[in-house]
Trainee: 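Before I ask anything, here is the structure I am working with.
Within every chain, numbering begins at 1; the chains are lettered A, B, ... in the order of the sequence lines, protein sequences first and strands thereafter.
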2 protein chains.
Amino acid sequence: MVSALKYKYRNIGFKLTPQRIAILDYLEGNTGHPSAEDIYNAVAKKFPTMSLATVYTTMGALREKGNVLELKVDPDKKRYDPNTAKHNHVICISCKRIFDIPAAGSIDLPDSLTGVFSVLESYVEVRGLCLECQTVNAKK
Amino acid sequence: MVSALKYKYRNIGFKLTPQRIAILDYLEGNTGHPSAEDIYNAVAKKFPTMSLATVYTTMGALREKGNVLELKVDPDKKRYDPNTAKHNHVICISCKRIFDIPAAGSIDLPDSLTGVFSVLESYVEVRGLCLECQTVNAKK
DNA sequence: GCCTAATTTATAACCATTATAACTTAATAA
DNA sequence: TTATTAAGTTATAATGGTTATAAATTAGGC
């Protein structure tokens, strides 16, 4: 992790520990939408004392600071995305890989909710089968 | 439950037990998006031997037959919707009530996924605060 | 009414996530 | 540099929704 980034995190009140730096390094540019366990497994290789609880608390802190998204598109477990730019996701229900798709247009609330329900976040959820899993299923 | 409905369910291979009829009666016209526990509590009042497991297996069977939707908009638990017409949902993150909204337009996949990723289901997820919960929060 | 596969039930198991509490440490200031 | 302390780490237990198990019961076709 470069020194400039360290200042950034300290300035937002995010204390940098070796464990956190290892997690941040793993997330840097990561487009695989990893789960907590994925992160744990990756970081534990080079940091054997890592605990799963640390992953959860660190990701929770990063989320609060707005540095990571917590995806809900996988019904089985939380998935994290360091790309916080507005975009949506499709998940393959077979291999559970998640792909990025562009952000959709604005959501239309019905008249009965317009100006009444205050929207905090909205996004599109898409489930389907990726090419590889379609092929595998076809062979069966 | 009316007799015509009984034939309908038998014809699709859905064996009608007293427990299932009680669940179906509770779901009939229900717009409250109940959880498994909600269903259990409601049915157990008039059917004390009801088991939570029965609710889950029954709802799973109804879902397979396409007679109920399993909503994922509440990250804490499954919520069920007997209205299978295409529509979306908004959830109040405070009181956890779910409101219906009209179906959104079609989802645009990026070129890299068009014709490759086969979409099985897609919908919009919206989280926010309902009027009542906004008011309560403002008072604090 | 019989038969059988399906359903119900209580209970245990599962698994992702969170809570707990003792120990350790990063970051600040003297 | 060192002391201070609030914050982070860790192992472990607890939580809670959901699923699996296996024995007892039953709906629906014959």
Side-chain angles (χ1 to χ4, degrees), chain A residues 1 3 5-24 26 33-41 43-44 46-65 67-68 70-80 91 96 98, chain B residues 1 3 5-24 26 33-41 43-44 46-65 67-68 70-80 91 96 98:
Chain A
M1 172 183 272
S3 155
L5 264 182
K6 294 188 180 178
Y7 285 111
K8 170 193 162 190
Y9 284 112
R10 288 201 191 101
N11 285 341
I12 60 174
F14 185 80
K15 190 183 281 187
L16 281 176
T17 65
Q19 294 90 333
R20 288 182 161 190
I21 292 175
I23 290 176
L24 288 168
Y26 173 71
H33 311 90
S35 66
E37 196 181 3
D38 292 333
I39 298 169
Y40 170 78
N41 288 334
V43 174
K46 298 190 172 181
F47 215 115
T49 67
M50 170 69 56
S51 162
L52 237 192
T54 299
V55 175
Y56 278 109
T57 55
T58 296
M59 298 311 291
L62 286 174
R63 178 176 180 270
E64 278 186 11
K65 306 290 186 186
N67 288 87
V68 78
E70 211 175 81
L71 309 185
K72 299 162 183 109
V73 69
D74 182 345
D76 292 336
K77 59 185 68 166
K78 288 181 181 174
R79 303 279 290 263
Y80 298 96
I91 185 170
K96 304 300 172 73
I98 294 174
Chain B
M1 171 184 274
S3 155
L5 265 182
K6 294 188 180 178
Y7 285 111
K8 168 192 162 190
Y9 283 112
R10 286 201 193 102
N11 286 341
I12 60 174
F14 185 82
K15 190 182 282 186
L16 282 175
T17 65
Q19 294 89 334
R20 289 182 161 191
I21 293 175
I23 289 176
L24 288 167
Y26 173 71
H33 311 91
S35 66
E37 197 181 3
D38 292 334
I39 299 169
Y40 170 77
N41 288 334
V43 175
K46 297 192 173 180
F47 214 115
T49 67
M50 169 69 57
S51 162
L52 236 194
T54 299
V55 174
Y56 278 108
T57 55
T58 296
M59 297 313 290
L62 285 174
R63 177 175 181 270
E64 277 186 11
K65 305 291 186 186
N67 287 86
V68 78
E70 211 175 83
L71 308 186
K72 298 160 185 112
V73 69
D74 183 345
D76 292 335
K77 59 185 69 165
K78 289 180 181 172
R79 303 278 291 262
Y80 298 96
I91 184 170
K96 304 301 172 72
I98 294 173

Trainee: Which salt bridge (Lys or Arg N to Asp or Glu O under 4.0 Å) pairs, counting each pair once, include a residue from residues 46-58 of chain B, with sequence neighbours left out?
Mentor: none
Trainee: Quick one: closest heavy-atom pair of B:F47 and B:A22, and the distance?
Mentor: CD1-CB, 4.3 Å
Trainee: With heavy atoms under 4.0 Å as the rule, sort B:P18 into base, sugar-phosphate or nothing.
Mentor: sugar-phosphate
Trainee: Counting distance only, does the side-chain N/O of A:R79 pair as donor-acceptor with the main-chain N or O of A:V73 below 3.5 Å?
Mentor: no
Trainee: Between the protein and nucleotides 2-8 of chain D, which nitrogen or oxygen pairs are less than 3.5 angstrom apart?
Mentor:
residue	atom	partner	partner atom	Å
D:dA7	O4'	A:K15	NZ	3.2
D:dG8	OP1	A:R20	NH1	3.0
D:dG8	OP1	A:R20	NH2	3.3

Trainee: For a quick check, with a 4.0 angstrom heavy-atom cut-off, what is the B/S/- contact string for nucleotides 15-20 of chain D, read 5' to 3'?
Mentor: --SSBB
Trainee: Can you see which heavy atom on B:L52 is nearest to which on B:A36, and at what distance?
Mentor: CD2-O, 4.0 Å
Trainee: Contact between B:Y9 and B:L62 at the side-chain level, heavy atoms closer than 4.5 Å - yes or no?
Mentor: yes
Trainee: If you walk 5' to 3' along DNA chain C, what is the first nucleotide with an atom under 4.0 Å of a heavy atom in chain A, and what is the last?
Mentor: C:dA16 to C:dA27
Trainee: Looking at A:K6 and A:L16, would you say the former's side chain and the latter's main chain have a donor-acceptor pair under 3.5 Å?
Mentor: no
Trainee: Give me the atom names and distance for the closest heavy-atom approach of B:Y80 to B:S35.
Mentor: CD1-C, 4.3 Å
Trainee: How close do A:L71 and A:H33 get, heavy atom to heavy atom, and via which atoms?
Mentor: CD1-CD2, 3.6 Å
Trainee: Quick check: does any side chain N or O of A:K72 sit under 3.5 Å from a backbone N or O of B:P75, one acting as donor and the other as acceptor?
Mentor: no
Trainee: Is the closest side-chain heavy-atom distance between A:E37 and A:K77 below 4.5 Å?
Mentor: yes
Trainee: Going through the checks in order, is the side chain to side chain contact (heavy atoms under 4.5 Å, CB included) test met by A:Y26 and A:N41?
Mentor: CA-CA 11 Å; A:Y26 173 71; A:N41 288 334; over 6 Å; no
Trainee: Any residue in residues 5-12 of chain A with a heavy atom nearer than 4.0 angstrom to DNA chain D? Just list them by number, or reply none.
Mentor: none
Trainee: Would you sketch DNA chain D in dot-bracket for me? Only Watson-Crick or G-U wobble pairs with both distances under 3.5 Å count, crossing pairs as [ ], other-strand pairs as |, the rest as dots.
Mentor: ||||||||||||||||||||||||||||||
Trainee: Hey, is CD on A:E70 packed in by over 12 heavy atoms from elsewhere, all under 6.0 Å?
Mentor: yes
Trainee: I want to check something: taking the side chain as every heavy atom from C-beta on, are A:T58 and A:M50 in contact at a cut-off of under 4.5 Å?
Mentor: no
Trainee: To check you understand the geometry: which heavy-atom pair defines the closest contact between B:A61 and B:R20, and what is its length?
Mentor: CB-NH2, 4.2 Å
Trainee: Quick one: do B:T54 and B:Y56 satisfy side chain to side chain contact (heavy atoms under 4.5 Å, CB included)? Show the steps, please.
Mentor: CA-CA 5 Å; B:T54 299; B:Y56 278 108; over 6 Å; no
